[in-house]
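Single-structure report; data block below.
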Amino acid sequence: IMDYYLRDNISGDSFLFEDYTETTVRFYKVSQVVVSGRFYCSDYGYVDLFTEEALVNHDDEEYPSYGRIRAEGDNNSMAWLEFFDPNGYIVYVDEDGDGFLDYNSVPLYWDN
């Protein structure tokens, strides 16, 4: 568990990871990562981060090939980042916290 503070001395922006935990379990050429904690940005406020499904990363891949992270903000707003293969992901957002998606990115790819 850690608290980590960063400040950009040029822009004055600051960032804080608070009670941040990252657990990595390593198997043969594959890692599973679980994270939780609060992330704060001086421009946008904070979100609480949770791994809903462990991020699976193969040694020869730059990005996770599987997994899902949820970010929760004010007024029950939420966003999810879901990895479905080493090059693809989807972003979901419930901006107003009503339990219905306000945004679904459809599949996006890192190389685009």
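- Atom CG of D3 is separated from atom OH of Y40 by 14.5 Å, given to the nearest 0.5 angstrom.
- Residues V47 and V93 share a single hydrophobic cluster, defined by chaining ILVMFWY side chains whose heavy atoms lie under 4.5 Å apart.
- To the nearest 0.5 Å, the span separating CD1 on I69 from CG on L55 amounts to 4.5 Å.
- From M78, atom CE reaches atom CZ of R70 across 5.5 Å, with rounding to the nearest 0.5 Å.
- The shortest heavy-atom contact between D102 and E95 is OD2-N, 2.7 Å.
- Atom CG of L6 is separated from atom OG of S14 by 9.0 Å, given to the nearest 0.5 angstrom.
- In Y66, the OH atom is not crowded: 12 or fewer heavy atoms of neighbouring residues, nucleotides or ligands sit closer than 6.0 Å.
- Taking hydrophobic clusters as Ile, Leu, Val, Met, Phe, Trp and Tyr residues chained together by side-chain heavy-atom distances below 4.5 Å, V56 does not share a cluster with F83.
- Using a cut-off of 4.0 Å between Lys/Arg side-chain N and Asp/Glu carboxylate O, R68 and E53 are scored as not salt-bridged.
- Exactly one of W110, Y63, W80, Y109 qualifies for a ring pair (Phe, Tyr, Trp, His ring centres under 6.0 Å) with Y89. That residue is W110.
- Less than 6.0 angstrom separates the ring centroid of F39 from the ring centroid of F17.
- Looking at D94, its side chain does come within 3.5 Å of a backbone N or O of G99 through a donor-acceptor pair.
- A side-chain donor-acceptor contact under 3.5 Å links T51 to the backbone of V35.
- The distance from the OH atom of Y5 to the CZ atom of F15 is 9.5 Å, given to the nearest 0.5 Å.
- Residues T21 and T23 are in side-chain contact: their nearest non-hydrogen atoms beyond the backbone lie under 4.5 Å apart.
- Of the candidates V106, L81, N104, V91 forms a side-chain contact (heavy atoms from CB on, under 4.5 Å) with just one, namely L81.
- In the displayed structure, Y44 atom OH is contacted under 6.0 Å by at most 12 heavy atoms of other residues, nucleotides or ligands.
- N75 and S77 share no side-chain donor-acceptor pair at under 3.5 Å.
- Side chains of R26 and S31: a donor-acceptor N/O pair is present below 3.5 angstrom, by distance only.
- Residue E22 holds its CD atom at 4.0 Å from OH of Y20, rounded to the nearest 0.5 Å.
- The shortest distance between side-chain heavy atoms of N57 and V30 does not fall below 4.5 Å.
- More than 12 heavy atoms of other residues, nucleotides or ligands lie within 6.0 Å of CD in E61, so this atom counts as buried by the packing criterion.
- The local environment of OH in Y4 is sparse, with at most 12 non-hydrogen atoms from other residues, nucleotides or ligands closer than 6.0 Å.
- S42 and D13 make their closest contact through OG-CA, 3.4 Å (heavy atoms, listed as atom of the first residue, atom of the second, distance).
- No more than 12 heavy atoms of other residues, nucleotides or ligands shown are found within 6.0 angstrom of CZ on F100.
- Using a 4.5 Å heavy-atom threshold, the side chains of S65 and H58 count as touching.
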